[in-house]
Q: 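Dropping a structure here in structure tokens format, bear with me for questions.
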Protein chains: 2
Amino acid sequence: MRRKEPDSCGFAAALQAIGGKWKTSLLWELHLRPYRFAELRRLLPGVSEKVLTQQLRQMEADGLISRRVYDEVPPRVEYSITPLGFSLNDAVTVMSAWGKHHETWKSQREAA
Amino acid sequence: MRRKEPDSCGFAAALQAIGGKWKTSLLWELHLRPYRFAELRRLLPGVSEKVLTQQLRQMEADGLISRRVYDEVPPRVEYSITPLGFSLNDAVTVMSAWGKHHETWKSQREAA
DNA sequence: AGAAGTACGCACCTTGAGGTAAGCTATCGC
DNA sequence: GCGATAGCTTACCTCAAGGTGCGTACTTCT
């Protein structure tokens, strides 16, 4: 999907914030507890390092998560969810519930 | 965004159903009242006929809207929302509310 | 000495949603 | 006959998200 125009509607903005392929998963994992970069890689099998970095940075810019760098060696970076990110997770959960409802509906229709 | 894998999470299914560029707008318009094809074209400036047809067909396949053909000449087709589509519109509204909240948050941050 | 882990950046390529333009069937108005 | 309208279908093109792979600076493990 293309996301460019403001669309006047707030949904476009929400989609802009969560539209990435891995963002919902990241949001879900981080809402449980903070994680380090390499831990997130392991949690999301199939994500490339480039894209993981990208999406984390975008979510940080959107204020959904915060990034904390510890000046140690070897380097350590921890990502954690913000209150705003937590509220988005709630909204996503509503959509997710509808999705499950929809899947039920579909399997019922296919059975008919 | 790519939408392929089931993802175990229902959110992917919901996104699959609503992910198209015009689907939320269509859902919104049709939740007000039924419309004909050409009316929807006029309501969504910029949509091409091909894509409008595509998205309407997909939404019909997902059970979000129903398509009624009147065997007249010139041909007449009316699209209306289903109860399932209506429930999705509610879920979308929650996300939309978050989007507005997020925009407020962003403009506050930029002001700082 | 060499391998491996950490948290990336950069260059290139693939893929599919969406856009563009044309055609198609049939009727009505001029 | 000529164009307009309604509701599509088909073929082709574009463009950005995401994937692949390599490079990096530093350290610890073996």
Side-chain angles (χ1 to χ4, degrees), chain A residues 1-7 11-12 14-27 29-30 34-62 65-80, chain B residues 1-5 7 11-27 29-30 34-62 65-80:
Chain A
M1 187 184 350
R2 308 289 175 77
R3 296 180 239 21
K4 265 196 277 194
E5 50 271 69
D7 233 34
F11 186 80
L15 212 53
Q16 170 80 27
I18 206 58
K21 182 172 177 181
W22 306 95
K23 287 187 182 176
T24 47
S25 307
L26 286 171
L27 203 66
E29 299 295 349
L30 290 174
Y35 280 106
R36 301 182 54 181
F37 185 86
E39 290 174 326
L40 291 172
R41 276 207 67 183
R42 283 187 282 269
L43 283 170
L44 307 185
V47 69
S48 68
E49 300 190 349
K50 189 200 76 169
V51 175
L52 182 54
T53 309
Q54 256 181 23
Q55 311 229 332
L56 286 169
R57 291 288 158 85
Q58 287 171 18
M59 291 171 75
E60 191 198 1
D62 281 329
I65 60 176
S66 65
R67 178 169 179 274
R68 176 140 186 221
V69 184
Y70 296 83
D71 196 8
E72 300 176 354
V73 74
R76 186 155 74 98
V77 183
E78 259 194 12
Y79 297 91
S80 54
Chain B
M1 188 184 348
R2 309 289 175 78
R3 296 177 241 12
K4 265 193 281 194
E5 50 272 67
D7 234 32
F11 186 81
L15 211 55
Q16 168 82 26
I18 207 58
K21 180 172 178 181
W22 306 96
K23 287 186 183 176
T24 47
S25 308
L26 286 170
L27 204 65
E29 299 297 348
L30 290 174
Y35 281 106
R36 298 182 54 181
F37 185 86
E39 290 175 325
L40 291 170
R41 276 208 67 182
R42 282 188 283 270
L43 284 169
L44 308 185
V47 69
S48 67
E49 301 190 347
K50 188 199 77 167
V51 175
L52 182 53
T53 309
Q54 255 180 27
Q55 311 228 333
L56 286 169
R57 292 289 158 84
Q58 287 171 19
M59 290 171 75
E60 192 198 358
D62 281 331
I65 60 176
S66 65
R67 179 169 179 272
R68 175 141 185 220
V69 184
Y70 296 82
D71 195 8
E72 299 175 354
V73 74
R76 188 154 73 97
V77 184
E78 259 193 13
Y79 296 91
S80 53

Q: Is the shortest side-chain N/O distance from B:R57 to OP1 or OP2 of D:dC8 below 4.0 Å?
A: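 The answer is yes; a side-chain N or O of B:R57 sits under 4.0 Å from OP1 or OP2.
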
Q: Starting at CZ of A:R76 and ending at P of D:dT28, how long is that distance when rounded to a whole Å?
A: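 Interatomic distance, CZ of A:R76 to P of D:dT28: 15 Å.
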
Q: Expressed in angstrom and rounded to an integer, what is the separation of A:F37 atom CZ from C:dA7 atom P?
A: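 Interatomic distance, CZ of A:F37 to P of C:dA7: 7 Å.
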
Q: For residues A:R76 and A:E72, report the shortest heavy-atom separation together with the two atoms involved.
A: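 Residues A:R76 and A:E72, closest heavy atoms: NE-OE1, 3.3 Å.
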
Q: Provide, to the nearest angstrom, the distance between the CZ atom belonging to B:R41 and the P atom belonging to D:dT5.
A: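 Going from B:R41 (CZ) to D:dT5 (P), I get 11 Å.
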
Q: Would you mind reading off the distance between B:K23 atom NZ and C:dG18 atom P, rounded to a whole angstrom?
A: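 So the NZ-P distance, B:K23 to C:dG18, works out to 8 Å.
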
Q: Base, sugar-phosphate, or nothing: which does B:Y70 touch, judged by heavy atoms less than 4.0 Å apart?
A: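 Answer is nothing: B:Y70 stays at 4.0 Å or more from every strand.
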
Q: Please tell me if the side chains of B:L30 and B:L40 come closer than 4.5 Å, counting only heavy atoms from C-beta onward.
A: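 A side-chain contact exists here, since the closest heavy-atom pair is under 4.5 Å.
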
Q: Both B:R36 and A:P74 contact DNA chain D. Which one's nearest nucleotide lies toward the 5' end?
A: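 On the 5' side of the pair lies B:R36.
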
Q: Are A:F37 and A:T53 side-chain neighbours, meaning at least one heavy-atom pair lies under 4.5 Å?
A: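 Yes. Closest side-chain heavy atoms under 4.5 Å.
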
Q: For B:Q58 and C:dG16, give me the distance from atom CD to atom P, rounded to whole Å.
A: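 Rounded to the whole Å, the gap is 14 Å.
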
Q: Does the side chain of B:M59 reach to within under 4.5 Å of the side chain of B:L27, using non-hydrogen atoms?
A: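 Side-chain contact under 4.5 Å: yes.
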
Q: If you define the side chain from C-beta out and look only at heavy atoms, does anything of B:L43 sit under 4.5 Å from B:L26?
A: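 No, too far: nothing below the 4.5 Å cut-off.
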
Q: Might you point out which heavy atoms bring B:W22 and B:Q55 nearest each other, and give the distance in Å?
A: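 Smallest interatomic distance, heavy atoms only, reads N-OE1, 3.2 Å.
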
Q: Once you round it to whole Å, what is the distance between P of C:dG18 and CG of B:L44?
A: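 Answer to the nearest Å: 13 Å.
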
Q: Looking at residues 46-56 of chain B, who's got a heavy atom less than 4.0 Å off DNA chain C?
A: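 Of all residues in residues 46-56 of chain B, the ones placing a heavy atom under 4.0 Å from DNA chain C are B:S48, B:K50, B:V51, B:Q55.
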
Q: Whole angstrom is fine here: how far is it from CG in B:L15 over to P in C:dG16?
A: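 Nearest whole value for this atom pair: 17 Å.
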
Q: Would you mind reading off the distance between B:R68 atom CZ and D:dG7 atom P, rounded to a whole angstrom?
A: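 Value for this atom pair: 15 Å.
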
Q: Within the 4.5 Å heavy-atom criterion, are A:R67 and A:L56 side-chain neighbours or not?
A: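 Side-chain contact under 4.5 Å: no.
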
